[in-house]
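To start, the structure under review is shown below, and the notes come after it.
Both backbone and side-chain heavy atoms feed into the values below; hydrogens, waters and symmetry mates do not. Since the model is a prediction, treat every value here as computed from it, not as a measurement.
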Amino acid sequence: MTTAKRDTYTPETLLSVAVQVFIERGYDGTSMEHLSKAAGISKSSIYHHVTGKEELLRRAVSRALDELFGILDEEHARVGTAAERLEYVVRRMVEVLMAELPYVTLLLRVRGNTGTERWALERRREFDHRVAALLKDAAAEGDVRADVGVRLATRLVFGMINSIVEWYRPEGPDGRSDASGASGVSGAGEREVVDAVARLVFGGLRKAS
């Protein structure tokens with residue numbers, strides 16, 4: 001774990017460090033002492049900005065959720081056929097996941113043991129249902145195949161997208177994978193991943209011409 005320097009400490013860097021510690025140790029396994037050491041500041045300095053680790057968790061998962069729900073308000077997610085809107089949303093989901101990789105990773109790992117985690121899970125389900133509704137509408141319009149149930153298709157699509165957090169590692173400016181130390185696939189550009197997911201998802205979903 002790379003610790004933050006005191007002279008560069010801000011609430012945003014604290015949040016970034018906290019997310020990495022939550023991912024590495026698990027939220028339940030993280031103490032304020034762990035956060036203090038990782039951030040390079042005293043526990044009292046952390047409490048000056050937040051009430052505790054659950055507030056940090058809420059801020060982190062809120063960031064991921066706000067980005068995901070923001071997709072649904074974008075013009076191309078609201079205009080066009082259901083299939084066109086669905087493809088746009090899928091592409092943007094992949095983009096957001098890669099742009100906010102640590103935050104989305106943490107969101108996908110919450111288990112519902114605290115009020116914040118239960119809130120996050122409920123919000124995730126709401127987002128999933130709205131994407132599933134798009135898929136259902138696309139099937140009703142005859143643009144996607146009807147021989148795969150909407151619920152199953154939705155789970156498969158989300159499964160493919162969410163699995164990206166387990167293997168995607170963005171490259172740093174020197175061309176090497178990031179400093180997270182996690183094993184994974186680096187070298188694939190964001191556009192390459194977005195296009196690959198879209199081809200695989202919609203190659204399977206769209207009706208044969």
Side-chain angles (χ1 to χ4, degrees), residues 19 23 57-170 184-185 188-209:
V19 168
I23 291 172
L57 176 65
R58 190 175 185 96
R59 290 186 182 186
V61 295
S62 291
R63 175 166 166 168
L65 287 163
D66 288 348
E67 291 292 328
L68 289 170
F69 274 94
I71 295 170
L72 303 177
D73 293 327
E74 294 171 5
E75 180 180 1
H76 292 296
R78 297 182 290 105
V79 177
T81 67
E84 290 169 341
R85 287 180 282 136
L86 178 63
E87 181 167 356
Y88 177 81
V89 168
V90 166
R91 285 178 170 274
R92 289 288 292 121
M93 284 170 61
V94 179
E95 290 173 350
V96 165
L97 185 150
M98 291 188 290
E100 303 289 345
L101 186 62
Y103 297 90
V104 178
T105 299
L106 182 60
L107 173 64
L108 295 176
R109 292 183 181 178
V110 298
R111 293 294 178 264
N113 295 328
T114 68
T116 293
E117 291 178 282
R118 289 188 290 274
W119 169 81
L121 287 172
E122 184 59 34
R123 292 284 283 161
R124 272 182 57 191
R125 282 192 288 269
E126 180 184 348
F127 181 81
D128 291 359
H129 290 161
R130 292 182 65 177
V131 177
L134 272 178
L135 180 54
K136 185 177 180 179
D137 289 346
E141 291 174 5
D143 289 330
V144 301
R145 58 194 305 162
D147 58 341
V148 178
V150 170
R151 185 174 182 181
L152 175 58
T154 302
R155 287 182 178 275
L156 292 172
V157 170
F158 273 99
M160 179 187 296
I161 296 173
N162 292 345
S163 71
I164 294 173
V165 304
E166 303 300 334
W167 57 262
Y168 179 73
R169 298 294 177 266
V185 178
E190 290 187 12
R191 180 52 50 192
E192 180 183 356
V193 176
V194 171
D195 288 343
V197 170
R199 282 196 299 269
L200 289 170
V201 168
F202 292 96
L205 282 178
R206 289 189 184 277
K207 280 185 174 181
S209 56

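Residues Val194 and Met98 form a side-chain contact, since some pair of their non-hydrogen atoms from C-beta on lies under 4.5 Å apart. A 4.5 Å side-chain heavy-atom check between Leu65 and Trp119 finds at least one atom pair inside the cut-off.
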Under 3.5 Å, which donor-acceptor pairs link side chains of residues 102-109 to any protein atom two or more places apart or in another chain?
| from | atom 1 | to | atom 2 | distance (Å) |
| --- | --- | --- | --- | --- |
| Tyr103 | OH | Arg63 | NH1 | 3.3 |
| Thr105 | OG1 | Leu101 | O | 2.6 |

All N/O donor-acceptor pairs, side-chain side in residues 85-92, below 3.5 Å, sequence neighbours left out:
| from | atom 1 | to | atom 2 | distance (Å) |
| --- | --- | --- | --- | --- |
| Arg85 | NE | Gly80 | O | 3.1 |
| Arg85 | NE | Thr81 | O | 3.4 |
| Glu87 | OE1 | Arg206 | NH2 | 2.9 |
| Tyr88 | OH | Glu74 | OE1 | 2.4 |
| Arg91 | NH1 | Asp195 | OD1 | 2.8 |
| Arg92 | NE | Glu74 | OE1 | 3.0 |
| Arg92 | NH1 | Glu95 | OE1 | 2.9 |
| Arg92 | NH2 | Glu74 | OE2 | 2.9 |

Please report, to 0.1 Å, the donor-acceptor pairs under 3.5 Å made by any side chain of residues 155-162, with sequence neighbours excluded.
| from | atom 1 | to | atom 2 | distance (Å) |
| --- | --- | --- | --- | --- |
| Asn162 | ND2 | Phe158 | O | 3.3 |

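Screening Leu134, Leu135, Asp137 for a side chain to side chain contact (heavy atoms under 4.5 Å, CB included) involving Val150 leaves a single residue, Leu135.
What you find for Ala82 and Ala138 is that their closest heavy atoms are CB-N, 3.4 Å.
When atom types are taken as modelled, the side chain of Arg78 and the backbone of Asp73 share a donor-acceptor pair closer than 3.5 angstrom. Side-chain atoms of Glu117 come within 3.5 Å of backbone N or O of Thr114 as a donor-acceptor pair.
Atom CZ of Arg130 is separated from atom CZ of Phe69 by 6.5 Å, given to the nearest 0.5 angstrom. The line from CG of Asp143 to CD of Glu84 is 8.0 Å long, rounded to the nearest 0.5 Å.
More than 12 heavy atoms of other residues, nucleotides or ligands sit less than 6.0 Å from atom CZ of Arg118.
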